[in-house]
Amino acid sequence: MKDKMINRRMYFFLIVLLTALLAGFGQSAVYGQGIVPRSREDIIEDLMAGMSPEEKIGQLMIVGIHGQEVDEEISSRLKQYHFGGIILFDKNLETEKQVEALTRDLQEAGSGEMPLFIAIDEEGGQVARMRQVVEAPPAALELGATDRPELAENWAEKTGRRLRSLGFNVNFAPVADLGSFKARHFSTDPAKTSLFVQAASNGYRAAGIVHALKHFPGLGKGEVDTHIGRAVVNISRRELEEEDLRPFRETIKANGDCHDSFMVMLTHAVYPQLTGELPASISPEACNLLRDELGFKGLIITDGLEMAGAAVAPFRELGVRALKAGVDIMLVCHGYEHEEEVYLGLLDALRVGEITQERVDESVRRVIAAKLWLTEQGNIHK
């Protein structure tokens, strides 16, 4: 089993390296020597062909861990559940040396079918981790007050490169909401917010780190923190379209075809004119809006499923409902038992046909595409 994992891990990196090398030759030289460059789609299908259903389900989850080092329990869980990524918090992070060792050891402990996303929330202001190791960016509202979007881009690139040096490859930022708690938003003005979010997106992409626009479809007008309660954003569909969606829509458009480099995070808020009584995180209407109207082709991820705003069903059902709605990755940050319930719920639903293998594969393809992009940036290390 260990040899199998090593071989498959080597295959992932060798195939990316080979593709990059072939791209470096002129097309005529490649074809002239009888070598045909393989498409990205072919690479993804080859990688998927070697994955079991259990491994594919694991790729659809990013989870938290206990402690500050990879112990036997963490290593065993990664291999048993094949989780696609880990999110780290201050409780996991102490010194630069310890953080570097933790992220490295997590990658080494991964189940082998695919490298790990290693994620963090490093927005700036009050939402910044490991301040003793990483210089906290200014709060988004502070940056917005300067009327200089280039500062948001500079900070995003600086922060992204610093996180990258510590072994992170995903940052759940920037906030694209028109308003927020804790000064996490750039502005309440849609046009201004859009410029700053686009700038931050450019900075993270330049740093070679996957980032996440949040909290779709726009949480700024919510009056309740979804961490602690049920938030209802009771605005008209027209207001949502003209105001709250604008930063998401324009940033997605500005990224062109490079949708593998970022995610969009769904909020747990309820939007009666769009999602009815459902949180956006498990709403087909919210996912369809993001895919069909805004044209987003990358990864859709939930906000943390343990938040109070998501407490509309048991954990065994939440992941299934999110996947059926159109979500790609379930974020479960706190509690091993919750992670297991979401994983087993997804796996059981696949086994009995409640969700199809085709639906699972659709999301796994997006996960692999994002990890290929990171590898091409040199930002996944084994």
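Values below: all heavy atoms of this structure, side chains included; hydrogens, waters and symmetry mates excluded.
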Step by step, would you call Glu72 with Ser76 a side-chain hydrogen bond (donor to acceptor under 3.5 Å, both in side chains)? CA-CA 6 Å; Glu72 184 60 35; Ser76 176; 5.3 Å; no
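If you check the side chains of Thr159 and Arg162, you find no donor sitting under 3.5 Å from an acceptor. Residues Asp303 and Ser281 have side chains that never bring a donor and an acceptor to within less than 3.5 angstrom of each other. Using a 3.5 Å distance cut-off with no hydrogens or angles, the side chains of His215 and Thr267 do not pair a donor with an acceptor. Side chains of Thr193 and His185: no donor on one and acceptor on the other come within 3.5 Å. Defined by atom type and a distance below 3.5 Å, a donor-acceptor pair is present between the side-chain atoms of Arg205 and Asn255. If you check the side chains of Asp361 and Gln357, you find a donor sitting under 3.5 Å from an acceptor. Checked by atom type, the side-chain pair Ser363/Arg359 shows a donor-acceptor distance below 3.5 Å.
Between Glu250 and Ser194 the shortest heavy-atom distance is OE1-OG, 2.5 Å.
In this structure a side-chain-to-backbone donor-acceptor pair under 3.5 Å is missing from Asp244 to Leu240. A donor-acceptor contact shorter than 3.5 Å is absent between the side chain of Glu142 and the backbone of Phe186. Of the possible donor and acceptor atoms, none in the side chain of Asp177 sits under 3.5 Å from a partner among the backbone N and O of Ser180. When atom types are taken as modelled, the side chain of Asn169 and the backbone of Arg164 share no donor-acceptor pair closer than 3.5 angstrom. A donor-acceptor pair under 3.5 Å links the side-chain atoms of Gln132 to the main chain of Glu94, judged by distance alone. The closest donor-acceptor contact from the side chain of Tyr336 to the backbone of Arg77 lies at 3.5 Å or more, if one exists at all. A distance-only check finds no donor-acceptor pair linking the side chain of Arg148 to the backbone of Leu143 [under 3.5 Å].
Among residue pairs with one or both ends in residues 130-161, none qualify as ring pair (Phe, Tyr, Trp, His ring centres under 6.0 Å); sequence neighbours excluded. Evaluation of the ring pair (Phe, Tyr, Trp, His ring centres under 6.0 Å) test over residues 277-312, restricted to residues two or more places apart or in two chains, returns His259-Phe296, Phe262-Phe296. Pairs passing the ring pair (Phe, Tyr, Trp, His ring centres under 6.0 Å) check and including a residue from residues 347-379, sequence neighbours excluded, do not occur. Applying the ring pair (Phe, Tyr, Trp, His ring centres under 6.0 Å) test to pairs two or more places apart or on separate chains, none has a residue in residues 156-178.
Under the side chain to side chain donor-acceptor pair (under 3.5 Å) criterion, Glu293 pairs with Arg249, sequence neighbours left out.
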In a table with atom names and distances, give each donor-acceptor pair under 3.5 Å that connects a side chain of residues 308-317 to protein atoms at least two apart or in another chain.
| from | atom 1 | to | atom 2 | distance (Å) |
| --- | --- | --- | --- | --- |
| Arg316 | NE | Glu341 | OE1 | 3.2 |
| Arg316 | NE | Glu341 | OE2 | 3.4 |
| Arg316 | NH1 | Asp348 | OD2 | 2.9 |

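Side-chain heavy atoms closer than 4.5 Å link hydrophobic residues (I, L, V, M, F, W, Y) into clusters, and following such links, even through other members, never connects Tyr271 to Leu178.
Ring centroids of Tyr343 and His82 are separated by 6.0 Å or more, keeping the two rings apart.
With Asp260 as reference, Arg40 is the one residue of Arg365, Lys371, Arg40 to meet the salt bridge (charged side-chain N to carboxylate O under 4.0 Å, His left out) rule.
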